[in-house]
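Residue numbers begin at 1 in each chain, while the letters A, B, ... track the order of the sequences.
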Amino acid sequence: MKINKEGLKIKPVISEKNILKLKQLLIKLSKNIRLQDEIPTPLKNIMGVDVAYKEERALTVGVLFSWPELKHQNTFYRVDNVHFPYIPTLLSFREGTLIIRFLKNLPLKPDLLMVNAHGIAHPFQCGCASYIGLLTDTPSIGVAKKIICGELTKCEEGKNIAYLRFNNKIIGAVLNPGKRSKEIVVSAGHRVSLETAIEITLNTLRGYRLPIILEDAHRKATELSAEKL
DNA sequence: GCGACAG
DNA sequence: ATCTTGTCGC
């Protein structure tokens with residue numbers, strides 16, 4: 001049995017009953033999400049966040065980039081024990097909680113957050129990016145590599161984008177639709193419109209699959225976890 | 001009832 | 001996500 005100064009490192013088993021309650025909580029929280037643009041003007045920076053795991057420990061990273069220059073400004077990180085398992089649709093309670101804890105201990109408050117997860121393009125309309133935005137009252141955008149729910153609308157003529165529809169509402173957009181290996185799914189998290197989320201995502205693509213901000217956050221999370229965990 | 005299911 | 005060799009494609 002693995003033990004450290006923080007106590008027993010055991011992934012808690014979540015009961016079916018509690019899973020249902022958490023799903024209901026997400027549905028309830030989704031009603032507080034605001035989808036109009038409420039970002040600082042002018043927008044000065046964007047922080048990309050990511051988490052790397054090693055056994056039952058997690059290293060959360062935040063990379064701050066200036067906007068619109070997109071220059072790296074700073075890197076912050078924090079180490080925690082993992083307290084929740086990965087359960088499809090409940091990523092918020094595993095990773096979201098870690099990122100929120102990280103953000104609340106930062107010496108600054110980013111203008112906008114970019115998260116490698118879904119925003120409202122989620123079965124309960126409250127993915128990890130929305131959850132983080134709501135609980136920290138910060139504008140947020142979700143960018144994921146796979147669709148978790150919704151159906152693709154027809155790709156507009158000449159455009160490289162298709163919208164995601166779920167429950168008869170447009171919940172997100174897929175860039176590079178078709179080739180599943182390169183597509184990315186963009187959705188509003190909180191206090192940002194889908195149009196703005198798409199525009200910012202498109203303007204942060206630099207030849208990698210994900211926005212440079214998320215690629216950088218992911219790379220630093222991996223590097224730091226190898227060194228610190 | 002069955003299958004799908006971000007990181 | 002993470003564990004990992006060779007391998008397919010631009």
Residues Arg191(A), Asp137(A): salt bridge by 4.0 Å N-O rule: yes
Distance, nearest 0.5 Å, that separates [atom1] of [X] from [atom2] of [Y]:
X	Y	atom1	atom2	result
Leu224(A)	Arg219(A)	CG	CZ	9.5 Å
Ile87(A)	Ser92(A)	CD1	OG	11.5 Å
Ile200(A)	Leu112(A)	CD1	CG	5.0 Å

Contact state string [nucleotides 1-7 of chain B, B base, S sugar-phosphate only, - no protein heavy atom under 4.0 Å]: ----BBB
Under 3.5 Å, side chain of Ser140(A) to main-chain N/O of Leu113(A), donor-acceptor pair present? no
Side-chain (His190(A)) to main-chain (Ile132(A)) donor-acceptor, under 3.5 angstrom: no
Categorize Ala52(A) for me: base, sugar-phosphate, or nothing, with a 4.0 angstrom heavy-atom threshold over every strand shown. sugar-phosphate
Could you point out which residue of Arg57(A), Lys228(A), Arg101(A) forms a salt bridge (Lys or Arg N to Asp or Glu O under 4.0 Å) with Asp80(A)? Arg101(A)
If you walk 5' to 3' along DNA chain C, what is the first nucleotide with an atom under 4.0 Å of a heavy atom in chain A, and what is the last? dA1(C) to dT2(C)
More than 12 heavy atoms from other groups under 6.0 Å of CZ on Phe166(A): yes
Could you write out DNA chain C as a dot-bracket string, with dots for unpaired bases, | for bases paired across to another strand, and Watson-Crick or G-U pairs counted at under 3.5 Å? ..........
Mind checking whether Phe93(A) and Phe84(A) have parallel, tilted or perpendicular rings, split at 30° and 60°? tilted
Please check if any side-chain donor atom of Glu95(A) sits under 3.5 Å from a side-chain acceptor atom of Tyr53(A), or the reverse. yes
